[in-house]
Amino acid sequence: MKSLFLLLFTFNVFAFIQKSTFKDSLDITWDYQALIPSSDNFESTEYKIYTFLKNGELEEVLKVFSNSKMKRPFCESVYFNIGEALFRKKQYPRSIEFFRTFIAIYKNSKNVNLALLRIGQLSERLSLPRYLAVESYLQVIGNSSVVEEVQEAKLRLFGADYLRNINKPNASKNILDDVISEISKDKSNLLELKWILRIQSLYKDWPIERALEYVETLPINQIKNKEKFNTLVSEIYFEKMSNLFLKKEYRELLKLSRTYKSKKIYGIRNQKIEKLVMASRKIAVSDILGKNKG
């Protein structure tokens with residue numbers, strides 16, 4: 001009977017194990033500041049677009065733009081701000097068009113590198129050929145004088161050209177280690193991006209124990225992008241616990257479950273983890289009772 005239970009449970013476990021090196025839903029992004037129009041006319045369409053985007057009123061941004069009678073080519077701020085609004089609204093095909101046009105017309109703008117970063121992210125999210133994202137990030141690294149922009153580009157290049165490249169070029173593999181020392185603790189956005197890329201890298205290339213060890217070092221309670229981290233971390237714990245269950249190492253599984261529970265991670269695998277824990281407890285208790293009877 002126990003063998004049948006294990007067989008059925010094992011099948012159920014592996015039906016839910018999906019080791020993924022990258023998911024768009026896990027990609028950490030943050031909003032770029034709205035570009036201030038060159039015009040001082042507060043009643044102008046471009047200034048209204050800027051104000052609404054600055055306040056996070058995305059629907060109003062797009063409404064003002066669609067109702068406007070502006071003629072192309074638009075001013076610099078309109079291309080950038082509409083592209084940014086569309087990015088936040090996840091209207092990726094339209095967003096990438098605006099950012100590409102922005103760069104083509106206003107190639108000397110100080111915001112070109114931010115537009116290139118967005119184009120790289122959009123290229124990945126639209127599943128365009130990987131080299132398009134790689135080229136965008138390389139341009140930022142080569143041209144930007146803003147430290148944060150270069151650091152972000154390097155981190156995203158590592159994701160695009162290493163994590164999601166089956167050929168794994170050595171140059172890209174070294175990028176993450178090179179940039180880690182450059183990121184100080186006060187740059188929380190970049191730190192979180194680094195952390196999740198590192199977890200994904202270890203999860204892909206090393207035994208799951210290495211990824212788990214790295215997770216143990218992170219201040220999870222200080223992380224802002226809780227949902228993204230919790231999703232990835234819960235998947236790692238679930239796979240580790242599944243492996244322990246199949247090896248009949250129930251005590252180790254229960255020990256690991258206590259560590260997981262102490263972190264208060266509300267991830268997508270929590271219900272499955274709880275089932276593993278309950279099953280392990282039942283089997284462990286059954287074994288103890290059996291030995292006592294003997």
Side-chain angles (χ1 to χ4, degrees), residues 27-40 46-47 49-50 53-54 56 73-88 92 95-125 128-165 169-198 201 224-225:
D27 187 20
I28 291 178
T29 60
W30 46 90
D31 298 341
Y32 293 147
Q33 291 184 353
L35 179 55
I36 303 174
S38 56
S39 169
D40 292 331
E46 54 264 34
Y47 213 94
I49 289 172
Y50 160 73
L53 181 62
K54 183 181 178 182
F74 307 131
C75 67
E76 180 180 352
S77 68
V78 170
Y79 281 111
F80 186 91
N81 292 339
I82 294 299
E84 178 66 12
L86 290 168
F87 178 84
R88 298 185 199 177
Y92 299 141
S95 178
I96 200 169
E97 288 178 12
F98 275 87
F99 280 120
R100 282 174 171 168
T101 306
F102 170 81
I103 291 174
I105 298 176
Y106 300 103
K107 55 177 64 73
N108 294 322
S109 169
K110 66 178 183 180
N111 285 275
V112 161
N113 291 310
L114 290 179
L116 283 167
L117 283 169
R118 279 292 188 247
I119 287 175
Q121 295 161 43
L122 286 161
S123 297
E124 294 187 72
R125 293 184 176 213
L128 300 179
R130 191 180 61 257
Y131 75 86
L132 294 174
V134 170
E135 286 182 354
S136 294
Y137 300 142
L138 286 174
Q139 286 185 62
V140 176
I141 293 169
N143 299 330
S144 178
S145 59
V146 179
V147 173
E148 291 82 0
E149 291 176 355
V150 174
Q151 289 174 339
E152 181 183 347
K154 286 182 177 179
L155 288 169
R156 295 196 183 281
L157 177 62
F158 171 79
D161 202 33
Y162 183 74
L163 288 183
R164 294 177 288 287
N165 185 350
N170 289 330
S172 297
K173 185 175 182 179
N174 295 330
I175 288 175
L176 186 62
D177 291 327
D178 290 343
V179 78
I180 283 176
S181 61
E182 300 175 14
I183 302 176
S184 59
K185 292 184 178 181
D186 61 337
K187 299 184 178 68
S188 58
N189 283 334
L190 287 171
L191 269 178
E192 291 189 23
L193 179 58
K194 184 208 78 174
W195 287 336
I196 201 165
L197 286 171
R198 169 60 83 188
S201 174
K224 296 179 181 179
N225 293 279

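Between the CZ atom in R198 and the CG atom in L191 there is a gap of 13.0 Å [rounded to 0.5 Å]. S136 contributes atom OG, which lies 8.0 Å from atom CZ of R100 (distance to the nearest 0.5 angstrom). Put simply, CD1 on I28 and CD on E192 are 5.0 Å apart, with the number rounded to the nearest 0.5 Å. From N113, atom CG reaches atom CD1 of I119 across 11.0 Å, with rounding to the nearest 0.5 Å. Note that the CG atom of L35 and the SG atom of C75 stand 8.5 Å from one another [nearest 0.5 Å]. Note that NZ of K194 and CG of N189 are 14.0 Å apart. Values are rounded to the nearest 0.5 Å.
Centroid-to-centroid, the aromatic rings of F99 and F80 come within less than 6.0 Å.
In this pair, Y47 and Y50 present their aromatic rings perpendicular. The plane angle is above 60°, beyond the 30 to 60° band.
In this structure, S123 and I96 approach most closely via the heavy-atom pair OG-CD1, 4.0 Å. Of all heavy-atom pairs between F98 and G83, the closest is CB-CA, 3.8 Å. Closest approach of A160 to Y137, counting heavy atoms only: CB-CE1, 4.0 Å. For the pair L190 and L155, the tightest heavy-atom approach, listed with the atom from each and the gap, is O-CD1, 3.8 Å. Annotation for Y92 and L122: closest pair CD2-CD2, 3.3 Å, computed over non-hydrogen atoms. Y32 approaches E152 most closely through the heavy-atom pair OH-OE2, 2.6 Å.
With 3.5 Å as the limit, one finds a donor-acceptor pair spanning the side chains of D161 and N165.
Here the side chain of T101 pairs a donor or acceptor atom with the backbone of E97 at under 3.5 angstrom. Judged purely by atom type and a 3.5 angstrom limit, Y79 uses its side chain to pair as donor or acceptor with the backbone of F74. At least one donor-acceptor pair closer than 3.5 Å links the side chain of Q121 to the backbone N or O of L117.
The pair R164-E124 meets the salt-bridge criterion, since a charged nitrogen lies less than 4.0 angstrom from a carboxylate oxygen.
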Checklist entry - When you look at R88 and L53, which way does the side chain to side chain contact (heavy atoms under 4.5 Å, CB included) test go after all the steps? => result CA-CA 10 Å; R88 298 185 199 177; L53 181 62; 3.7 Å; yes
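W30 is listed as a side-chain neighbour of L193, based on a closest heavy-atom distance under 4.5 Å.
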